[in-house]
Amino acid sequence: MTANGPQTVASSESSGSATDAAMTDDAPLGSPRVDDAVIESRDLDVYYGDDQALHGINMDIPERKVTALIGPSGCGKSTFLRSINRMNDLIDIARVDGDLYFHGKDVYDDDVDPVALRRKIGMVFQKPNPFPKSIFDNVAYGLRVQGKDDGDVEKKVRTALERAALLDEVEDQLDSSGLDLSGGQQQRLCIARAIAPDPEVILMDEPASALDPVATSKIEDLVEELAEEYTVVIVTHNMQQAARISDKTAVFLTGGHLVEFDDTGKIFENPESDRVEDYITGKFG
Amino acid sequence: MSSEPLDLSRESNDVGNTVDKAAKWIFFSCALVTVLTTVAIILVLVDGAIDFFSEVSLVEYLTGTEWNPRDSADPSFGVLPLVWGTMVITVGSALIAIPVGTLTAIYLSEYADERIRSALKPTLEVLAGIPTIVYGFFALSFITPIIQLFYPDVGVFNALSGAIVVGIMIIPMVSSISEDAMSSVPDSLRNAAYGLGATKFEVSTQVVLPASLSGILAAYILAISRAIGETMAVTLAVGMLPQITMSPFAEMQTMTAYMVEIGTGDASVGSIGYMSLFALGLTLFLMTFTMNLGSMWIRSRYREEYQ
């Protein structure tokens, strides 16, 4: 192990088990523990029917930082992302073993309501998916279902659009359909929709993969800004993107294994794993 | 490569070309049969209706409140009692089929797991395949006796029993077409709402339902036109007494039931009673045709575009 190998850190708000759980054999290379973890994954396995999509994932996600999950197609990075806010619950055949702690609370405990969890952990999807409603109603939707529409909804909607760097472009057409926007604008609308109810964590599943380079760079700028207020976890198969915008990088390789997790600079300049180095330098994947 | 000389001429593919041409004409003539039949039906209806309206004024037909074509001394041809009978059955059955069918569709599309859906959907489709005369007997021998348990004075033939049985009959139509519309709403929209912390009920009612509204409304209209045109069940269940009354327990007669009554031998060809069949047939045709136009308009007006 190197100097920045696993650290033994006790986060004070943690209700115990997360920090007590020793890293197992599945511990990835690098430094899978961080000081200010919001989310702690411990031996997390995910199965789809008989297929195991994730094998004993152990890693921490730091607060108000951008954590990138990279790896080739089918490596389980999206599955891991979706297990954080329990979107995998919506897939009949998905099954989860192990623990995933959010502020020290295992989100897979019986008493956790996935609906309440998703109100704390927002999500932006690979393909822009605005509702067939007006731009305003799209952003207001989360406020309404979460009962946060009592105050000044208009102000909250405008703030969210502003933060998503979209307000200037749509200010005069808040009543027109969200589907009339361009792909890049739609994706920023979806980001505005996700941040309007003010979640703590934003999960992004390849949010720029369906967009052109200009729209992509706007999304990337936005992600970095969002990390000032939110914890961002972003899945990407674009390594340059991960290198540009993330603070921490987790490399998943085929078969659903987390191979290495560390500071983004370390991963891209001097990874411990030869396989990660091969992947980063484009030798496979 | 082939040693034969290159031949790209049309003659080289004579057989293929002939089959292709013949096939086109065969397919076209099959399509033509349907179109010609429709045109012929309209012509026959209009022709007979013209004869009828040369003896009965259009005003009397459309505004008269008494339908009594068999009184040879003083026959009356006010269509309103028959239209009333038809409307009572249609509205009554829609009041049953629309809520039950829509909720069934939501259940099947959003709540039921694959095992239940694969059992329930075929069952509903069997319901749609039962001959309508069987529904008529079901009304007479099952629904009416139940109504009579609560209201002993109700006669064998009554509008309520007919409305209930037609309502049951068209539930599969509402639920099946609505379910298709809801299932075609992309999962990305559901995920967007779930990701924002919406409950299943909110996703179903606030996202899926509005997004599939055009298909659902079209289902309602198709089901309603089916109820308007429904014949055998209402002939058996509702009775043969054309009258305008507010009581759902009264015997009534629908337009279709009257046509069965006259069409099964009661009136001689060329008599005024016989000719009234064409006027009624044309009226029914116009009613269902309007509904179908409305359904097409709604589909195009409220269709949502997805990428």
Side-chain angles (χ1 to χ4, degrees), chain A residues 81-82 84-93 113-133 137-148 177-183 186 189-199 201-205 210, chain B residues 105-121 178-219 297-307:
Chain A
L81 190 79
R82 293 166 58 89
I84 295 174
N85 65 343
R86 291 185 61 172
M87 286 298 276
N88 282 333
D89 287 21
L90 302 174
I91 301 170
D92 284 344
I93 57 167
D113 178 8
V115 169
L117 177 71
R118 292 178 200 134
R119 292 176 179 191
K120 293 281 178 200
I121 304 181
M123 190 160 201
V124 176
F125 298 83
Q126 187 168 357
K127 225 182 65 180
N129 55 356
F131 298 120
K133 301 173 190 282
D137 286 340
N138 259 287
V139 182
Y141 185 80
L143 297 170
R144 287 179 182 141
V145 294
Q146 300 189 20
K148 291 176 178 168
S177 171
L179 295 172
D180 293 341
L181 300 174
S182 73
Q186 287 190 6
L189 176 63
C190 294
I191 292 173
R193 182 176 65 186
I195 59 183
D198 210 24
V201 179
I202 300 172
L203 308 178
M204 297 182 155
D205 191 356
Chain B
I106 294 177
Y107 174 74
L108 283 176
S109 162
E110 305 303 311
Y111 285 82
D113 66 38
E114 197 46 48
R115 212 163 36 86
I116 294 177
R117 183 175 21 232
S118 61
L120 210 56
K121 261 202 112 171
S178 301
E179 200 257 340
D180 287 346
M182 291 179 197
S183 301
S184 66
V185 172
D187 269 346
S188 62
L189 288 186
R190 292 185 183 85
N191 286 337
Y194 282 125
L196 287 164
T199 60
K200 188 157 243 182
F201 182 73
E202 286 163 338
V203 173
S204 307
T205 55
Q206 297 168 2
V207 175
V208 177
L209 213 54
S212 51
L213 194 63
S214 71
I216 294 171
L217 291 179
W297 181 79
I298 286 175
R299 266 182 185 277
S300 58
R301 169 74 179 72
Y302 292 103
R303 173 163 312 183
E304 297 295 352
E305 305 281 342
Y306 308 110
Q307 276 98 359

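These numbers come from a predicted model, not from an experiment.
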B/A198 to A/V145 - nearest heavy-atom pair and separation: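 Looking at all heavy atoms of both residues, the closest pair is CB-CG1, 4.2 Å.
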
Heavy-atom closest pair, residues B/A192 and A/F125: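 Smallest heavy-atom distance, with atoms named: CA-CE1, 3.7 Å.
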
Pairwise distance CZ(A/R119) to CG(B/L196) - rounded to 0.5 angstrom: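 Reported to 0.5 Å precision, the distance equals 9.5 Å.
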
Below 4.5 Å from any heavy atom of chain B, which atoms of [X] appear? Answer side chain, backbone, both or neither.
| X | value |
| --- | --- |
| A/I121 | backbone |
| A/R144 | neither |
| A/K133 | side chain |
| A/F131 | both |

Heavy-atom check, side chain of A/P132 versus side chain of B/L189, under 4.5 Å: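 Contact flag for A/P132/B/L189 side chains = yes.
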
Residue list, side-chain hydrogen bond (donor to acceptor under 3.5 Å, both in side chains) with B/D187, at least two apart or on another chain: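 Once residues adjacent in sequence are excluded, the partners of B/D187 under the side-chain hydrogen bond (donor to acceptor under 3.5 Å, both in side chains) criterion are B/R190.
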
side-chain hydrogen bond (donor to acceptor under 3.5 Å, both in side chains) partners for A/D92, two or more places apart: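 Expected list: none.
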
Derivation of the side chain to side chain contact (heavy atoms under 4.5 Å, CB included) call for B/Y194 and A/D89: CA-CA 11 Å; B/Y194 282 125; A/D89 287 21; over 6 Å; no

Other residues, nucleotides, ligands: >12 heavy atoms within 6.0 Å of B/Y111 OH: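 Count over threshold, so yes.
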
Options A/M87, A/Q126, A/R86, A/K120, ranked by heavy-atom pairs under 4.5 Å with chain B, top entry: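 Top count of heavy-atom pairs under 4.5 Å with chain B: A/M87.
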
